[in-house]
Amino acid sequence: MLDLIRQSLAQFTPAERRIAEAILDTPSTAITWSITDAARVAKVSEPSIIRFCRRLDCDGFPDFRLKLAQQLAVRQSTATVAENGTDPFSGMVDDIFNRAAEALREARHDLDLDSLRRAVDLLAKARRIDIYGYGGSGFLAGEAQHRMASLGIASVAYADPTLQMVSAARLSPSDVLFVLSFSGRTSYLISNIEIAKKSGARIVAISPGGSIVASLADENINLNAYRTSARPLIVPTGRAPMYVMLDVLFALLAPKLHETG
């Protein structure tokens, strides 16, 4: 149930996504909610809760809650909240580490190795690689460019939508556009990917499975770990998996470049 919710985040409506994120944030608490509680926590209407449950093939909220409780009962979970007088400072540290570790486990679970192999092949054969990200993923685009430079790959990272648009129009069929997107639905990225495709460039993306960005990519590396949280976390859970995914990608790309070189 939790895997289905997480993997469907990019396909939910805004109201459904708020419900999903509220449940994913505290699943052990969600099984105690009434439908009124769920609507209040997610800031949606009760009919929205019912539609969400039916979308997950549940008869209603009680049926959803039962299935979620059954999964949690057999799932080995790590406590993420300080209890019984534990030092709140230590509890917050443990909470962040545990969430990051869980996000990494989820990312590995979602990884399609065949798609990853094909993505590596596309990147290895590219004449040049332009890298797009926006907002939080824009910082990681710069990290990706740094790693490509260390491998001797001609690349430029763009976090500004206008510069992305200029770059996209100048790409050729021998080039690859490498897109990083936590949400998979950023409008600036989507329009610039479409321009790059018209130019003939191949598209490799790291984004949520089923998202618009994923549908536009020739090869998408699924990353569904990112989600918002009601807790004031400074570092969203998706950053650690994205960094590790870049580690994996470039570790595989280095020997591939040696073979082709």
Side-chain angles (χ1 to χ4, degrees), residues 1-10 12 17-33 38 41-42 68-113 116 133-147 150 159 180-184 186 205-209 211 220-252:
M1 182 63 69
L2 290 174
D3 284 343
L4 178 59
I5 294 172
R6 182 171 47 78
Q7 292 168 7
S8 302
L9 281 175
F12 286 145
R17 184 168 180 121
R18 287 198 296 274
I19 299 166
E21 290 179 338
I23 292 166
L24 291 171
D25 196 37
T26 54
S28 59
T29 302
I31 62 175
T32 69
W33 291 342
V41 172
L68 178 60
Q70 289 171 339
Q71 180 180 357
L72 292 176
V74 297
R75 178 184 180 187
Q76 184 177 2
S77 60
T78 305
T80 59
V81 182
E83 297 177 350
N84 300 325
T86 302
D87 175 18
F89 186 90
S90 174
M92 179 60 74
V93 171
D94 290 341
D95 182 35
I96 293 173
F97 271 89
N98 288 334
R99 284 170 176 268
E102 179 64 18
L104 287 170
R105 284 192 291 271
E106 291 173 352
R108 179 62 185 92
H109 178 271
D110 294 344
L111 186 59
D112 183 330
L113 294 182
L116 180 61
Y134 183 74
S137 58
F139 294 103
L140 292 176
E143 171 72 13
Q145 182 191 6
H146 172 75
R147 299 188 190 203
S150 69
L180 307 179
S181 178
F182 287 127
S183 70
T186 305
I206 301 179
S207 72
S211 66
N220 185 68
I221 301 170
N222 292 342
L223 185 65
N224 305 308
Y226 184 84
R227 57 181 180 265
T228 59
S229 171
R231 304 183 185 192
L233 294 182
I234 296 174
V235 181
T237 56
R239 288 184 180 271
M242 183 72 86
Y243 270 111
V244 173
M245 200 67 77
L246 289 175
D247 285 340
V248 169
L249 190 61
F250 287 103
L252 295 170

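Everything numeric here is computed off the predicted structure, so don't read it as measured data.
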Looking at every non-hydrogen atom in both residues, tell me the closest pair between [X] and [Y] and how far apart they are.
| X | Y | result |
| --- | --- | --- |
| Ile31 | Ser28 | CG1-O, 3.2 Å |
| Asn222 | Gly209 | OD1-CA, 3.3 Å |
| Pro208 | Ser181 | CD-O, 3.5 Å |
| Gly133 | Ala141 | N-CB, 4.0 Å |
| Pro27 | Leu2 | CB-CD2, 4.0 Å |
| Asp3 | Gln71 | N-NE2, 4.5 Å |

How many angstroms lie between atom [atom1] of [X] and atom [atom2] of [Y], to the nearest 0.5 angstrom?
| X | Y | atom1 | atom2 | value |
| --- | --- | --- | --- | --- |
| Met245 | Ile206 | CE | CD1 | 6.5 Å |
| Glu143 | His146 | CD | NE2 | 6.5 Å |
| Asn224 | Ile5 | CG | CD1 | 13.0 Å |
| Leu24 | Arg6 | CG | CZ | 8.0 Å |
| Met1 | Leu72 | CE | CG | 10.5 Å |
| His109 | Leu104 | NE2 | CG | 14.5 Å |

Is there a side-chain contact between Arg18 and Phe12 (heavy atoms, below 4.5 Å)?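 Of all side-chain heavy-atom pairs linking Phe12 with Arg18, none is under 4.5 Å.
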
Is there a side-chain contact between Leu116 and Leu111 in this structure, where contact means two heavy atoms from C-beta onward sitting under 4.5 Å apart?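 They are in contact (side-chain heavy atoms under 4.5 Å apart), so the answer is yes.
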
Do side-chain atoms of Ser137 reach the backbone of Leu180 as a donor and acceptor pair under 3.5 angstrom?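 At least one qualifying donor-acceptor pair exists.
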
So which of Leu223, Leu246, Asp110 actually passes side chain to side chain contact (heavy atoms under 4.5 Å, CB included) with Pro241?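 Among Leu223, Leu246, Asp110, the one meeting side chain to side chain contact (heavy atoms under 4.5 Å, CB included) with Pro241 is Leu223.
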
